[in-house]
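What follows is one structure encoded as C-alpha cells, with my remarks underneath.
Every value quoted in this text rests on a predicted model; they were computed, and no experiment measured them. Chain identifiers are assigned alphabetically (A, B, ...) following the order of the sequence lines, protein sequences preceding nucleic acid strands; residue numbering begins at 1 within each chain.
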Amino acid sequence: MRRRNRWVRTLFWGGVLGIFALLGVVFSGVAVGAFEQRILPVDQPIPFSHAFHAGGLGLSCRYCHPSAERAAYAGLPPTETCMTCHTFIKPDSPKLALVRRSWETGEAIRWNRVINLPDFVYFHHGAHVAKGVGCAECHGRVDQMPVVHQPQAFTMKFCLECHRNPEAYLRPREQVFNMAYKPDPELGRKLKKIHAVRSAEALTSCNTCHR
Amino acid sequence: MADRPHPDRDLIQGEWTEKTLVEKLLEPVEKPAPRPWRVVLAVGGALTLAWLYAIFVTFVKGLGTWGINQPVAWGLDVVHFVWWIGIGHAGTLISAILVLMRQNWRDSLNRVTEAMTFFAILAAATFPLIHMGRPQHFYWVMPYPTHMALWPQYKSPLSWDVLAIMTYITISTLFLYLGLIPDLALLRERSQGWRRKVYGWLSLGWTGNAVHWQRYRAVYVLLAGLATPVVISVHSVVSMDFAYGLVPGWHLTVFPPFFAAGAIYSGFAMALTLIIPLRRWYRLEGVVTERHLDWMAKVTLASGLGVAYIYLLEIFIAWYSAEPAEWAQQIWRMTGPYAPYYWAMMLINVVLLQTLWFPRFRKNLTWLFLFSILANVGMWLERFVIVVISLSKDFLPANAQLYFPTWVDWTLFLGTLGFFLFGLALFIRIFPPIAVAEMVHLFHKLRRH
Amino acid sequence: MLYGFMAYFDAPEKLLEAIKALKGAGYRHIEALTPNPVEGIEEVLGGNGRIPWVAFALGVLGAGLGLFLQVYTTLDYPMNAGGKPLLGWPAFIPVTFELTILTITVGIFLYLLYVNGLPLADHPAVRAKDYVRVLLDEYGLFVYASDPRFDLEATRALLQALGAEVEEVRRA
Amino acid sequence: MPERGYQESLEKELFREEFPFGPVSRRGFLALGLLALAACTPVVRRQGVPYVRQPEWVVEGGRAEFVTAVPHAGLAEPVLVCHYQERPLFLAPLEAAMSPYPLAGLYALYDPERKGKSPDWEGFFAAWRKALEEGETLLVLPRTTSPRLEGLLERAQARYPNLRVARFEAWSLESVYQGAELLFGQRAWPVYAPEKAEAVLLLDVDLHEHPAGYPWWAALSERRIPPMNRIYAVESGAGLLGAMADHRLALKPSALEAFLLDLAKALGVLPGSPVSDYGGFLSALVEDLLRGGVVLPGVHLTPAAQALAMAVNARLGAPVAYVPPLEKEAATSEAFLQAEGAERLVWAAEGLLPNLEGKRFAAHLGLYPKEAPHSLPLAHPLEAGGQYRDALGRLWPAQALVKPLYGGRSLEEVLAGLLGEDLPALSPEEKRALAEGRPLEEARPLALAPKPGLEGRLPPLRQEAPLELTLRPEASLYDGCYRKNPYLEELPRPLSRLVWDGALLMGEEEAEAQGLLSDIRARERRADLRRPLLRVKAGGREALLPLWPLPGLAKGSLLAPLSHFFHPEGVVFPAEVAATGRDYPLVSTQYHGYLGEVEAVKVLSEEEALKAEPKEEKRISFYPPWPQGEHAWAMSVDLSRCVGCGLCTLACQIENNIPVVGKEEVAKGREMHWIRIDRYFAEEGVLHQPVMCQHCEKAPCEAVCPVAATEHSTEGLNLMVYNRCVGTKYCSANCPYKARRFNFFPYAEAFIGQGDPRRAKESPLALLMNPEVTVRSRGVMEKCTYCVQRIEGARAQAAVERRKIRTGEIKTACQEVCPGKAIHFGDLLNPEDPIQAHRKEGRHYALLEEANTWPRTTYLAHLKNKNPKLKEAEHGG
C-alpha cells in the first residue's frame, strides 16, 4: 500500500514539475538561440575557394563583389571577371571547365546562394560599408573558408545586437575589407560621430529593415 | 434552534433520506440516460462536426470566407466571443459569490452552472484564435523569449484579453474540479472495475479526512473570493477592447459595468435555459425547486435592469456629449439599415424584461424558459449592435459599408452551440450535475433542526 | 493483517467527543473521516495548513511577476505605440491583476494537494466495508492498529462506549 | 540587350513574398505552424545567376532611369521609366502630367495572356504579299503620328499598289480638323495654354476625353490657388474637370451647341442676339471671358461647333496656337465599316475586331492574340522603339527598354518586314533627345486667320431630341482597348466610383422620370448591388447597359462608355431606352456620397482663403512628447488642386505591389487601394478628397496591436510590419480614417498567378512586383507607408555618398504622378522644405481634428472662385 501511494505521488508531482521544467528548457533554449539554424558549407558548381583567392592571393572583396560599396546587393562576378585571370592562369584546368563553357556558350553560371535573408528583410551593403561595418562582422573570416558557410544565423536578434550599440562594431572605413581587423569600442564611439551613425532608437525602428 | 424550522427548509422538498437523496442525485450518472439526453448529444455532436468543418474552411481558404470587410473588420466572430464569455459568467457568480454570501440555494445549482461556464469559455476562447489572419502565429501574443527579440505589446487590450481569459479558464476549471473531488470519491466507492479506477484517479484518492476537509474548505472559499473579481475583471477587459477604441459607439467609459451586467444577465438566462428542462427530464423538482428558479429570475431581472439603464444612458450621453459622430451613430442604429436589430434588442432587454417584476410571469416556467432564450437572443443582438453597427458607419461618410455574415460565420456560431451542448451532455453523464456532497450537507443542516 | 478499527458515528458532535476522549486516552494514530467539513475539528486535530499565508505569498509573487513581465518587455525593446508613454502604468493594471490571480489559483491548488498528501492510491479506511457511509451521512473515526495504545478489546469497547458502531478493517 | 528569359530573373531573388515558403498552400499551412512553433528561422535555397558579360550600361545594383515616349491612342506621353535589373517597374511623367494609361500599361508588358502560339512572321508576310498580289488589301491602322511610319507606308503602297490603308479610332479628332477647315480654310489642331487664361470655359470636355486633358489640368491647377482663375463648365456629361468648375451648367448635347451659338452671338462673332441668358450665366460668362478667357471645346462637338469655338477664341484673343493636324490622315470610326466591307483585311487597330467571316484574307495584329486566321502579336510600347507626336504637336522618340517577351513587333517593324527592309537603329538625334529628355522636334505653329462670313458657311448644329446619348471614352478603359488591364478595371471611375463595369449614366431627374430612381435608392439603402438593365437603342444599334443614376447630369442627356457601346457612325445620337426587367450587379467603392454634418472637406472662397489666419491645430495630450528623429516626414494634400483622377491610387498600387482583388471582393468592400478618393456631392459641387494613412502621431491603431506589428518611427512614420502581423484587425477597426487594408485572401499571389495563388511564382507578372516592397500574403494588414522604401533608399544613397538627404529628394509615387501637383511630401524639420509654407497657410487643416490623432498628412481647403454676380441656384449647377 505504501509503495503504491509513493509511486502515485512521485508520478503526479513528477508530472507537474516536468511540465514546468519543459517550459523552462524550451524558453531558455529559444532565448539562447539553441534552435536557430546556422548554415553549413554549401557545395558550388565550381570548387571556388575564398580561402585561396581572398586569403592566399589577398584579392579584395571588391574585385568580385564590386557593388558592395555602393548598392544594396554586393553583386556576383560575371564570368568575364573569372576569365580576366583564368584565360592565362590555369587556362585548361578541368575544375574551370564550367567557367570556360559559360564563357563560350554565354550561358550563365548558377551559384548556390549561401545567405538567404527572408524576403521581408532589407539589407543595404553600401550603407553598412559607408558607416564602417566590416564584411567580417556578418560574413565571418571568409578569407579562411575554402567553402563558404554562414558563421551565425542571421536572426533579428543578431542584427539588433549591432543596431542597439553600433559603437562596438564600427571600424575606420579603410579597415572595412580587412578581415583580420578587431573593432575597439573606444574608437567605435568616435567613429559613430564621424560616420554619422544614427541613434539606437532610429536604428532599431522597424522601417530600418522591414518595408 | 430545534424549536423553529430552518428558513431555507423548503429548498429541498419531498420526503427524503440521505440514501434516496443520493440515489436521486446520482441518477443521471448511474441510471440509463433519458431520451432527451440522447437527442441533445446527437444534435450537439453533429453541430460540433459542422463547426470543425467551418474552422477547417476558414484556415484553408482564409478569413475572406467570412462576411467581414473594411470597415467592419470585426463581425460575428467577435460578437460570439463576447456572447459566450458573457454566458460563462453566471456559473462563476452562482458558485463563487453565493458561496461568499452563504446562500444555501446555490448548492443545487452550482455544479451545472460551473460546467456551463467551463464549456462556454472554451467555446468563447476559440473565436479570438480563428479570427486571426495568421492563426499559425497565435503564440506571438504570449510573452516568451524569441529570436526576434520581440514581445507582446502590453498597452493593447487584446494582450490583456489573452491573460484574462487564460486566468478565467484556469480558475473556473479548478473551481469546478475542486467541487467535484468529494463526489468523485463517492462515485469511486459506488462503482466497480475500470470506472472505479478512473474515478479513483480523478478523485486523487480523496478519503474525506476531516483535516483535509478543513483545508479544502479554506481553499474553496479562497478561490471563490478570487473568482469573483476575476469574473468582473474579465468582462471589464473584454469591454475595454471597445471602450479603448475611438469608434463612435465604442468610446464609452461606462462599458465595464455595462458589460459585466450584461454578462450576468445573459449568464443567468442561459442557466435558466439549461436548468428548466434538466429539472423536468431528470425529475429534480425536489431539489431544484420553484424557489431556486424564482431566485434566478430575480437576479436576471436585476442585472437586466442594469443593462436596460445603460442602453438609455448611451442615448443620453450621445446627445449630451454633443459629439456629432456619436450622435450620428445613435441615429444610424435607430434608423439605419440595421435598425430592426436595434429595436429587437430594445424590445427584449428593456420591455419584455419588465414582465419579471410580476410573480405571475416569473413563476410561469413556460414564460420563464421562453424569456431566458429571448434574453440570450437579446444579448446577442446587443453585441451585434455594439460591434457591427458601430463599425459599419464611423466618422467619415465615405467609410460606411454594410456587413453580411456568410454561412461560415453562422456555422461557427451553431457549431459552438453544438459543442457547448455536447460537452454539457457528456459532463452530466460522467459527473453528477448536482453537487452531491454539498446537497447532503445542506440536507443535514435543514433536517437536523 | 489488521489495519485498525473504523468507528461510525451518526453525528459530528459525537465524533468530536470521541476524538477528545481518544486523545485523552493518549491515542495518536487516529484519523477522522467525514462527509463534509466539521466545525471545531482544528481544535482537536489541528492544522489548516497556513492556507491564507501561502495564498498571500503566491499573490505577491504573481503581482511581482506580472509587473516585471510588462516593465521588462517594454524596456527590452522600447517602441512608441500611439505616442503613449513607455511605462504607462495604468495599462499594466489588468495583466498584473490577472497574473496575480492566476499564480494564486494554480499555486494554492497544488499546495492543497501537497499538504493533504494527495494524490493517494489507497488508504486503510477505504478498505472498510461500509466506508462509503462516511462519504454520505456518517462520521468515521479510524484508529490505526499501529497505535501504541491500540488494543483489540479495549479500543473497541472504548469506541462503542462513545456510541460508535465499530468495524475491524483488515487486508482482504 | 542581353537575352534573359523571365524564369531566370525570377530565380534571382526578385520575387519577394511574405513567407519564404511562398504562398501558404493548404498543406503548407500546417507545416508552417509547426515550423513556427519550433521557433527556427526557415531557410530557402536560392540560386545566384550572374551575367556572363556584364553590359556596361547595367548600373551597379541594377537601378536605372530612361526617357521614352509611350503612345496612348497614337499620341505620345513622354515618360521617365524606372528600370530595375532590366525590368521597367514604374513610370513617371517626364513633363507636367501624363494619363494613367501608360503607367497601368506596365501590366500588359508582363501579362502572360499576351502569349499566343509562337508567331510565324515570315509565313504571315508571305501570305500578306500573296493577298496583295491577288487584289486590294485593306490595312487598318490605329491613329498614327509617326513620320517614319508614314514614310514606310508610302514605300509599301508604292511597292504594293493594292495596299489600301485606313485608320481607325473610336474616339476621333476629325471634327476638330474640320472645324479648323471651316473657320480658317485649313485643317489644323489647336494647342491651348489654359494657364494663361483668367477665365476658362470647358465645353463638354474631360481629362481623358481630350488628348491634352491631363496637361490642361496641370496648367489649370496652377491657378486654382490665389490668384485664381475662374472655371465655367457647360456639360452634357459629368466630368472631373467640370466638377472642378466654379460655375457649371448641365445641358443636353444639342442644347450645349445652341449655347455655344448664343455665346458666339453674345460676343458678336455671329450676327444676332442670344436666345436666352441662361439665368445670368451667359452674360456673367461673357464678361469674364472678355477679361482674357479661353474656350476649351470637347473633340466630339460637331465641326460647326468646333468652328464656333475657334471663332470665339479668336475673338477673345485666347492663348491658342494652331499646329498642323497631329495625324497625316485622321483616324475615324467609319474605318470600321470599310474594314467590315473589305475582302482582304489586316486589322492592326485597337478596339473590337470587325467580323472576319468570308474574307479572302484576314489577319489581326494586336497586343493580345485574338481569334483570326492570322493573329500576330504587336510589341508593347516599352518593347519597341518608334516616333510619336504628343497632343501639343511635338514629335517624341521612343526607345525599347526590354526585349519583346512574347515575340511582338512594332507596326514600323511589321511594315519594314513586309518590305523586307530592316529598321534603322536609334539615330544620334534621337539618342540625344532621349538623353536630354526633350522632344525630337518642336511643334510648328501655323499662322491662321479666320475667314470672314462664317455664318454663311456654318453647317447645321446638332438636332434636339428627347433623349440624347453620348458615347464617351471611359476614364479607365478608354475606348475599350484597356479592358484586359485589371489595374484600370478596378480603378474607380470618376464620380460614380464604379469598378469593373461600364454603366449607362443618367441624371437623377431623368431616372426619376423613367420611374427607376426610387427603386434604386431603396436598393442602395440595403446595399443591394443589382441595378436595372436597360436596352439602349441609338443609330440603329443597341446595347444592354445597367443604369447608374448620377447627380449633375442634364435631363435628357445619357452617357454610355465607348468601351461598352461602340458605334461606327459617330458618338452622339438620339436614343431610346427600354427596360428589360433584368438586373445587373454594379459595384462601386463608395455608396454614401453626402457629407451631412461632417466637415471632412473644407471649402472656402478665394477671399476667405486670403483672409483666413493660419490656425493652430488643437492638440491635447497628458503625455510627454517622444524624442524626434532627424526628420519629421509629413504630407500635405491640396484639395483645391486635386481633380480626383485617381492617378495617385494607380501609381501607389504599382509602386507598392498592391493587388487587384476583383469585382466580387470589391463588392464586399475589400478593395486594397492604399489611397482611396472620397467623393462627396455638396452644394458647392462635387468634392474629392484622397484619403490614405494619415500617419497620426497619436495613432489609435498602434496602441491596440497586441504584437507590436504597427509602431511609430522616430521620424513620425506609422510603420506596418507585415511579417509581425497576426491579423487581429483591431488596428483597422480603431482607425478613424479606415485607411488600413486587410488581406482577407492571398490577394497578391492570386493577382500575380492570375487567379491561382499557387501559380504565382511561375507567373511573369511576378516581375512587375517592386523588389523594394514586401509582397503581402494572406492574413496581414497593410496601408500607406509614405513609400518608406523610397525614404530608406534615399537614406542609403545619402549614406553611400556621405551626405544628408536633400530637400525634395524623396518623392512618393502618388506625388510623382499627380497632374495637379496636389500632393506634397516633405520634412517638417527642414526649413527649406515647401511643406513649411503649406503648414502656415490659412486653409490648412487636419482631417477629423476632433479625434485628436495628430495626423502628419494634412489637407489644404478646396477653393471656389464664384462669380459674385451669379447665384448657383438660378441655373442649377
Side-chain angles (χ1 to χ4, degrees), chain B residues 59-74 128 131-141 144 146-148 150-162 241 244-247 250 323-325 327-328 337 391 393-404, chain D residues 24 26 29 32-33 36-37 39 41 525-527 590-598 600 665 668-671 676 678-680 689 691 700 703-708 724-730 732-738 740-746 778-781 847-848 850-851 853:
Chain B
F59 281 1
V60 167
K61 289 221 178 78
L63 287 182
T65 53
W66 297 7
I68 45 177
N69 60 19
Q70 302 291 349
V72 188
W74 284 353
H131 103 297
M132 285 187 180
R134 302 201 294 165
Q136 70 269 30
H137 290 318
F138 72 95
Y139 58 93
W140 281 356
V141 299
Y144 72 100
T146 144
H147 63 283
M148 296 179 285
L150 280 169
W151 301 95
Q153 206 268 97
Y154 279 111
K155 291 183 194 76
S156 162
L158 285 191
S159 48
W160 307 343
D161 259 351
V162 176
D241 292 348
Y244 200 90
L246 231 59
V247 183
W250 285 12
E323 163 68 45
W327 186 241
L391 281 175
K393 184 177 189 300
D394 65 350
F395 298 90
L396 295 175
N399 292 346
Q401 176 94 26
L402 294 193
Y403 161 84
F404 300 102
Chain D
V24 198
R26 289 146 199 270
F29 170 75
L32 252 185
L37 281 170
T41 42
R525 182 180 155 74
R526 54 174 195 274
Q590 186 188 349
Y591 295 95
H592 304 258
Y594 296 90
L595 270 169
E597 291 307 297
V598 193
E665 289 300 293
K668 295 197 188 100
R670 296 172 179 174
E671 64 270 19
R676 67 165 201 271
D678 291 350
R679 175 266 295 125
Y680 298 109
Q689 179 174 45
V691 177
V704 299
C705 177
V707 292
R724 175 67 175 173
C725 180
V726 293
T728 65
K729 307 179 281 327
Y730 197 176
S732 148
N734 207 22
C735 171
Y737 310 94
K738 291 288 175 285
R740 290 175 162 260
R741 298 282 177 263
F742 186 70
N743 289 274
F744 292 93
F745 283 123
R778 196 184 97 189
V780 303
M781 193 60 71
L847 184 55
L848 295 183
E850 66 271 24
T853 53

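Contacts of D:Arg679 with chain B are absent, with no heavy-atom separation under 4.5 Å from either backbone or side chain. With a 4.5 Å cut-off on non-hydrogen atoms, B:Asp241 touches chain D through its backbone and its side chain both. For D:Val704, the parts lying near chain B are the backbone and the side chain together; criterion is any non-hydrogen pair under 4.5 Å. With a 4.5 Å cut-off on non-hydrogen atoms, B:Trp160 does not touch chain D at all. In this structure, the portions of D:Pro736 lying under 4.5 Å from any heavy atom of chain B include both its backbone and its side chain. Proximity to chain D (any heavy atom under 4.5 Å) is shown, for B:Trp327, by neither the backbone nor the side chain. Contacts of D:Tyr594 with chain B are made by backbone atoms alone, with heavy-atom separations under 4.5 Å and no side-chain atom involved. Looking at D:Arg525, both its backbone and its side chain come within 4.5 Å of chain B, counting heavy atoms on both sides.
In terms of heavy atoms, D:Arg526 sits closest to B:Phe404 at O-CZ, 3.8 Å. Taking every heavy atom of both residues into account, D:Phe745 and B:Gly62 meet most closely at CE2-O, 4.3 Å. Closest of all the heavy-atom pairs between B:Met148 and D:Arg724 is CE-NH1, 3.4 Å. For the residue pair B:Ser156 and D:Pro706, the shortest heavy atom distance occurs at OG-N, 3.6 Å. Scanning all heavy atoms of the two residues, the minimum distance from B:Val60 to D:Arg778 falls at O-NH1, 2.9 Å.
Atoms CG and CD, from B:Asn399 and D:Gln590 in turn, are 9.0 Å apart once rounded to the nearest 0.5 Å. We find the CZ-CD distance between D:Arg670 and B:Gln401 to be 10.0 Å, quoted to the nearest 0.5 Å. The CD atom of D:Glu850 sits 6.0 Å away from the CD atom of B:Glu323 when rounded to the nearest 0.5 Å. In this structure, D:Glu671 CD and B:Asn69 CG are separated by 9.0 Å, a value rounded to the nearest 0.5 Å. Taken to the nearest 0.5 Å, the NZ atom of D:Lys738 stands 8.0 Å off from the CZ atom of B:Phe395.
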One pair to check against side chain to side chain contact (heavy atoms under 4.5 Å, CB included): B:Ile68 and D:Phe742. What are the steps and the verdict?
CA-CA 10 Å; B:Ile68 45 177; D:Phe742 186 70; 5.5 Å; no

Is there a side chain to side chain contact (heavy atoms under 4.5 Å, CB included) between B:Val141 and D:Thr728 once you walk through the steps?
CA-CA 11 Å; B:Val141 299; D:Thr728 65; 5.7 Å; no

Would B:His137 and D:Val707 count as a side chain to side chain contact (heavy atoms under 4.5 Å, CB included) here? Give the steps.
CA-CA 10 Å; B:His137 290 318; D:Val707 292; over 6 Å; no

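Chain B forms more heavy-atom pairs under 4.5 Å with one residue of D:Ala708, D:Ala600, D:Ser732, D:Gly727 than with any other, namely D:Gly727. Heavy-atom pairs under 4.5 Å with chain D were tallied for B:Thr65, B:Val247, B:Leu396; the largest tally goes to B:Leu396. For the set B:Ala400, B:Ala398, B:Ser159, the count of heavy-atom pairs under 4.5 angstrom toward chain D peaks at B:Ala398. Across B:Leu391, B:Val72, B:Thr146, B:Asp394, the residue that shares the most heavy-atom pairs under 4.5 angstrom with chain D is B:Asp394.
Formation of a donor-acceptor pair under 3.5 Å by the D:Asn734 side chain with backbone atoms of B:Leu246 is found in this model. The backbone N or O of D:Cys725 sits less than 3.5 Å from a side-chain atom of B:Arg134, completing a donor-acceptor pair.
Checked against the 6.0 Å centroid criterion, the rings of D:Tyr730 and B:Trp74 qualify as a close aromatic pair.
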